[in-house]
Amino acid sequence: MAYAEDAPSGDLTSLLLIPADARATAELRAREAGVMSGGPVISAGFLMHDAAADVSLLVPEGAAFDAGTVLARVSGNARALLTAERVVLNLVQRMSAIAQLTSEYVALTAGTAARIVDTRKTTPGLRELERYAVRCGGGRNHRFSLSDGVMAKDNHLAVLTGGDASKLTSVLKDARAQLGHTTHFEVEVDSLEQIPFVLDAGVDTIMLDNFSLDDLRAGVALIGDRAVVEASGGVNLSTVADIAATGVDVISVGALTHSVSNLDIGLDVVIS
């Protein structure tokens, strides 16, 4: 899809300027530090245009790299290499930036029980790649799509209960009874008062949304081991360590994918 968008009728510039039999070698070089994610994309992008290209991935997935590091080297048909360049760079720049940012969150929660996970706030069409990048950075994935589990959020609960928290137990129990035993059931709450009603419904995970640190600690104590405790909202690099210290099991971070800035990675033809 990316190449259909970028070169729908071929790369006019390369077709005009580059001889059909010309060959070239180029290097993908980092211009700033990051964490590697996208090796399979590099290989797929260049091999799609030249099946005989020689692609060497020089930095393992999930490995940190410094500015100036050569991430990959490719040799093959020059037209194909130049046509493939931009899409490969666009994707790897974004994926490595996501991996780098994720690694920073993971490092800040080291020594706690909290897992850093992503959200569905991904770029449409790129979710598979962006979530792979989160894993490269040491994070975990939340549900992949709306079809993968039940997650009752504030708007669902508002429709179901009309704002009456006392109705939560019965409506959630009724819903749970319709599910297979392997389907995960998560419920979002925005106040401590809702927690006992949700707990009594026997759900698997309770998300504490935009809770203060004091309320997070109180929520963790209230829930105990009766459900997985997820914290969400207000999570950034300045707050994540304190949130993890409250004892939550999971911290979901939309910023991993919706607010990341691409790393600067370039591709340069090697002149011998």
Side-chain angles (χ1 to χ4, degrees), residues 98 102 105 113-128 130-131 134-135 139-236 239-240 243-244 246-260:
I98 290 170
T102 303
Y105 277 91
R115 302 191 300 272
I116 297 296
V117 306
D118 52 22
T119 72
R120 286 173 39 251
K121 296 175 182 177
T122 54
T123 307
L126 294 184
R127 181 171 296 174
E128 187 75 50
E130 292 181 344
R131 293 196 135 176
V134 167
R135 298 195 301 274
R140 309 284 186 89
N141 297 143
H142 214 295
R143 60 175 179 163
F144 186 80
S145 72
L146 290 171
S147 302
D148 292 332
V150 175
M151 187 171 175
K153 305 196 75 174
D154 54 351
N155 287 331
H156 299 100
L157 300 182
V159 172
L160 283 171
T161 68
D164 183 354
S166 67
K167 296 180 180 179
L168 283 170
T169 302
S170 60
V171 297
L172 294 175
K173 273 187 174 180
D174 289 345
R176 184 63 184 263
Q178 301 176 57
L179 294 176
H181 70 284
T182 62
T183 304
H184 196 89
F185 197 160
E186 178 168 357
V187 176
E188 174 189 275
V189 300
D190 53 24
S191 70
L192 288 169
E193 290 70 30
Q194 293 173 301
I195 293 176
F197 299 108
V198 175
L199 273 175
D200 287 343
V203 302
D204 301 299
T205 297
I206 299 178
M207 177 194 288
L208 311 182
D209 187 47
N210 284 301
F211 274 44
S212 68
L213 292 175
D214 285 342
D215 283 351
L216 282 175
R217 283 186 282 268
V220 168
L222 189 59
I223 295 167
D225 60 0
R226 295 174 63 187
V228 174
V229 184
E230 177 178 340
S232 181
V235 184
N236 55 55
T239 63
V240 69
I243 292 172
T246 65
V248 298
D249 302 301
V250 176
I251 303 174
S252 51
V253 189
L256 297 180
T257 53
H258 72 55
S259 297
V260 71

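The structure presented is a predicted model; accordingly, all values stated were derived computationally and were not measured. Note that these values count all heavy atoms, side chains included, but never hydrogens, waters or copies made by symmetry.
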Asks: Among all residues two or more places apart in sequence or in another chain, which pass the salt bridge (charged side-chain N to carboxylate O under 4.0 Å, His left out) test with D225?
Replies: none
Asks: Let me check something: any side-chain donor-acceptor pairs from residues 246-256 under 3.5 Å, sequence neighbours excluded? List them with distances.
Replies:
residue : atom : partner : partner atom : Å
T246    : OG1  : I243    : O            : 2.6
D249    : OD2  : V229    : N            : 2.8
S252    : OG   : E230    : OE2          : 2.8
S252    : OG   : A231    : O            : 3.4
S252    : OG   : S232    : OG           : 3.3

Asks: With a cut-off of 6.0 Å (strictly less than), are more than 12 heavy atoms of other residues, nucleotides or ligands near CZ of R135?
Replies: yes
Asks: Just list the side-chain donor-acceptor pairs under 3.5 Å for residues 209-223, sequence neighbours left out, or say none.
Replies:
residue : atom : partner : partner atom : Å
S212    : OG   : D215    : N            : 3.1
D214    : OD1  : R217    : NH2          : 2.6

Asks: Got a second to check how far L192's CG is from L208's CG, nearest 0.5 Å?
Replies: 8.0 Å
Asks: Under the side chain to side chain contact (heavy atoms under 4.5 Å, CB included) test, which residues partner S170, sequence neighbours left out?
Replies: none
Asks: List the residues meeting side-chain hydrogen bond (donor to acceptor under 3.5 Å, both in side chains) with H184, not counting sequence neighbours, and say none if there are none.
Replies: T205
Asks: Could you walk me through whether I116 and V240 pass the side chain to side chain contact (heavy atoms under 4.5 Å, CB included) check?
Replies: CA-CA 9 Å; I116 297 296; V240 69; 3.9 Å; yes
Asks: Are N236 and Y105 packed together at the side-chain level, in the sense that at least one heavy-atom pair is separated by less than 4.5 angstrom?
Replies: yes
Asks: Under 3.5 Å, side chain of T161 to main-chain N/O of L157, donor-acceptor pair present?
Replies: yes
Asks: Just grab all the salt bridge (charged side-chain N to carboxylate O under 4.0 Å, His left out) pairs involving residues 165-182, residues at least two apart or on different chains.
Replies: R176-D204
Asks: How would you list all residue pairs meeting salt bridge (charged side-chain N to carboxylate O under 4.0 Å, His left out) that involve residues 141-158, not counting sequence neighbours?
Replies: K153-E188
Asks: Out of the candidates N141, T123, T257, only one should pair with E130 under the side-chain hydrogen bond (donor to acceptor under 3.5 Å, both in side chains) rule; please name it.
Replies: T123
Asks: For residues 118-128, which residue pairs qualify under salt bridge (charged side-chain N to carboxylate O under 4.0 Å, His left out), counting only residues two or more places apart or in two chains?
Replies: D118-R131
Asks: Between F197 and L172, does a side chain to side chain contact (heavy atoms under 4.5 Å, CB included) hold up when you go through it step by step?
Replies: CA-CA 9 Å; F197 299 108; L172 294 175; over 6 Å; no
Asks: Looking at residues at least two apart in the chain, or sitting in another chain, which of them share a side-chain hydrogen bond (donor to acceptor under 3.5 Å, both in side chains) with D164?
Replies: S166
Asks: Just by distance, do the side chain of T183 and the backbone of V150 share a donor-acceptor pair under 3.5 Å?
Replies: no
